[in-house]
There are 2 protein chains.
Amino acid sequence: MAHLPTVLDVGRIAGVSRQTVSNVINTPDIVKPETRERVEAAIAQLGYRPHASARRLRTQKSSTLGIRLDPMANGISGAVLDRFLHAVTEQADRRGLRVMLFTADSPEDEIEQFARMRDGADVDAFILTSTFYRDPRTEWLIANGVPFVTFGRPWGIDDMNDPRHLWVDVDGWSGVHQATEHLLGTGIRHIAYLGWPSPSGTGDDRRRGWREAMVTRSHLSELELDALAMVAEDGVGNGRAAVEALRATGTPVEAIVCASDSLALGAALAVGADIPVIGYDNTPVAEAVGLSSVEQPLDEVAAGVLELLMGPTGADVLDRDAAAGVPRHRLVTPRLVVRERSTLL
Amino acid sequence: MAHLPTVLDVGRIAGVSRQTVSNVINTPDIVKPETRERVEAAIAQLGYRPHASARRLRTQKSSTLGIRLDPMANGISGAVLDRFLHAVTEQADRRGLRVMLFTADSPEDEIEQFARMRDGADVDAFILTSTFYRDPRTEWLIANGVPFVTFGRPWGIDDMNDPRHLWVDVDGWSGVHQATEHLLGTGIRHIAYLGWPSPSGTGDDRRRGWREAMVTRSHLSELELDALAMVAEDGVGNGRAAVEALRATGTPVEAIVCASDSLALGAALAVGADIPVIGYDNTPVAEAVGLSSVEQPLDEVAAGVLELLMGPTGADVLDRDAAAGVPRHRLVTPRLVVRERSTLL
DNA sequence: TACCGCGATTTGATCGATCAAACTACGCTA
DNA sequence: TAGCGTAGTTTGATCGATCAAATCGCGGTA
């Protein structure tokens, strides 16, 4: 195979040295315009492209982000992470970054992978798609000075504002609040909520969105609200069972807001087409069966992740010092997608 | 930041030269056992890991596979590609390979990306998740000697057995055949098929699976079979409409086999719980609503992809010559997952 | 004793780029 | 005219590993 052109080849053709070629690519301003044009022509003529590994070796940057591909991303809501992955890859492409995947069996294994990829100069930064209180992974990353951003707030007390922990999240409170408000706006008052058991950072946040909307506008008593608050582990079957159990008590239910599309589908199956049900995540399932749902703006999340990592326009991962002026986290607002369910389910 | 250990550091501690350290890592057999142990101890002590970019620069291999993340992977069946991605990443990890993502707007753009990543020595090989007749991408890859494997057969006449085009695919014929056989086994004879419009390599293949099973065992006439063969673009609504149209004609229908879970969900919504419906892809939706479906063994597909690319156990992408004895393609058999739908839908 | 052969290890060169320092040419000033 | 600053460019060194060739050590043979 004829060897690919290098800076030297380009320089030879343009009649300049290798470094000048390098300058044309990396710091065009310091090159005299007419020289630059000659070099650019040579680059085009040869179809030259910088050798990524060589550059990485020299600069000690990889222009690559690492994301763990969650093994349990199955289930009805797994698609959210996949859509996020799409969004991140597109945004990263736009900035000249690559996305590299890896898998891990456990948090410890994942840390092992962090170490491996960091040491191999394989990646500049990591994106984590979920974290939990006292997550050993974020602690390790912080301790070892490896840049990272999480999609999802760290729900621990102190963590949330730790300036070393960058995060982007979707405002679940707002999403569920919007959904509830939307239903309240149709004149309905007995709106039930079907969510996950406590404690769950995300789950509790969403539940509060419903509760606070209801307290403000439903004019129901605390007791009545408690009765309308259902709890179930995620899953279609669980959701259906919970709703059937609630209805068996005779509590009036005019609509149901859910913490996920899985639960919402279960709820919809339990109540039929008469009672509005709103899910969360706007998964393909919701679309398929015509279920209203809260859509997470994953493009925005992805853009936010990269912005926290590299600044508004940068093409390099900021180190901690350079990141002084940049905000440490971002909360994006989801959007309610209203659908007519009657035609399908 | 204290610099990471290099082969030189390891050698210094073990009292050997850098090359011996390299040998311990790459060709342990040629190193005297006691020396090897000393070096290994030093490696462990320092927590040394080879610098990936340096190695890549020298060896001109990246140990990385490129996969395009399909932008239109939405919809109910998009999950299949995502599960495939999981499987590939896991299998690749097992062989010490990484998976790198990229996006592209068009086949031309994708070729541009191929060129960029190949020239940058970013990836050793590509995995394509779908191809079509006279696909410019595979033609480019072949012409430029870039290794690749496709998930999905090239349906063109000559392409299928082109030894330069490696592929792995799932035997859709068999999947639908199994589904039809299963229904026939329950004593039912009027089994309809709901599939995509022709021509479609994959779609026509699946349709044949149904037809041939029916011809063999249903004892229905060609005319009756034609009447039971429905055509619809993919989508829940389309599926539902097609089934409703068929039933409106009065044609007796005792069961429906479908080319996708989307169509199957539409069919199920049209016929209710009385008539068995079998989908394809075994997506989360099928599981959620309790729909039988044909499951693609994506782990097997992923394993096959890597095997074609690197041989049964290799850790390096085979070049064309080294791949002499290795088979050029593999067809894996899907599996029917039978579910009781009545409880949910 | 001198030399060969061979396993084990070391040294020199290299992959392709970028950093840092040195050099050139040229205009300006004293 | 010598000296100086500066924009533009070149040369030398380096990143961390591996390849290729040279060297070392040592038992065996004539």
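No hydrogens, no waters, no symmetry mates; every other heavy atom, side chains included, goes into these values. Labels below follow one simple rule: chain letters A, B, ... track the order of the sequence lines, proteins then strands, and each chain is numbered from 1.
- Against DNA chain C, the stretch residues 31-55 of chain B makes heavy-atom approaches under 4.0 Å through B/Val31, B/Lys32, B/Thr35.
- Of the possible donor and acceptor atoms, one in the side chain of B/Ser62 sits under 3.5 Å from a partner among the backbone N and O of B/Asp124.
- Applying the salt bridge (Lys or Arg N to Asp or Glu O under 4.0 Å) criterion to A/Arg12, with sequence neighbours excluded, gives A/Asp9.
- Scanning residues 7-30 of chain A for heavy-atom distances under 4.0 Å to DNA chain C yields A/Val7, A/Arg18, A/Gln19, A/Ser22, A/Asn26.
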Checklist entry - Could you go step by step and tell me if A/Phe151 and A/Val170 meet the side chain to side chain contact (heavy atoms under 4.5 Å, CB included) rule? => result CA-CA 8 Å; A/Phe151 173 14; A/Val170 174; 4.1 Å; yes
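- Between B/Arg58 and A/Arg58, it is B/Arg58 whose nearest contact on DNA chain C lies nearer the 5' terminus.
- Test B/Asp135, B/Thr131, B/Thr138, B/Thr150 against B/His165 for side chain to side chain donor-acceptor pair (under 3.5 Å) and you get one pass: B/Thr150.
- Among residues two or more places apart in sequence or in another chain, the salt bridge (Lys or Arg N to Asp or Glu O under 4.0 Å) test is passed with A/Glu110 by A/Arg68, A/Arg137.
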Distance-only check: which donor-acceptor pairs under 3.5 Å involve side-chain atoms of residues 26-35 of chain A, not counting sequence neighbours?
from	atom 1	to	atom 2	distance (Å)
A/Asn26	ND2	A/Ser22	O	3.0
A/Asn26	ND2	A/Ser22	OG	3.4

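- The aromatic rings of B/Phe114 and B/Phe126 sit tilted relative to each other, their planes meeting at an angle between 30° and 60°.
- In this structure, the side chains of B/Val16 and B/Val24 stay at 4.5 Å or more apart for every pair of heavy atoms.
- Take B/Arg116 and apply the salt bridge (Lys or Arg N to Asp or Glu O under 4.0 Å) test, not counting sequence neighbours, and it matches no residue.
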Identify the pairs formed between an N or O of the protein and an N or O of nucleotides 22-27 of chain C at a distance under 3.5 Å, and give each distance.
none

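- No donor-acceptor pair closer than 3.5 Å links the side chain of B/Arg18 to the backbone N or O of B/Val7.
- Comparing the axis of the opening five pairs of the helix from C/dT1-D/dA30 to C/dA30-D/dT1 with that of the closing five pairs yields an angle of 80°, rounded to 10°.
- Residues meeting the salt bridge (Lys or Arg N to Asp or Glu O under 4.0 Å) test with B/Arg153, sequence neighbours left out: B/Asp169, B/Asp205.
- By the side-chain contact (heavy atoms from CB on, under 4.5 Å) test, A/Gln91 pairs with A/Arg94, A/Ala302, A/Ala303, A/Leu306, sequence neighbours left out.
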Under 3.5 Å, side-chain donor or acceptor atoms of residues 41-55 of chain A against the rest of the protein: list the pairs with distances, not counting sequence neighbours.
from	atom 1	to	atom 2	distance (Å)
A/Arg49	NE	B/Asp119	OD2	2.9
A/His51	ND1	A/Ser53	N	3.3
A/His51	ND1	A/Ala54	N	3.2
A/His51	NE2	B/Gln60	OE1	3.2

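- Residues B/Val332 and B/Pro297 share a closest heavy-atom pair of CG2-CG, 3.9 Å.
- Side-chain atoms of A/Arg38 come within 3.5 Å of backbone N or O of A/Ala14 as a donor-acceptor pair.
- The span of DNA chain D lying next to chain A, judged by atoms under 4.0 Å from heavy atoms, is bounded 5' to 3' by D/dG8 to D/dG16.
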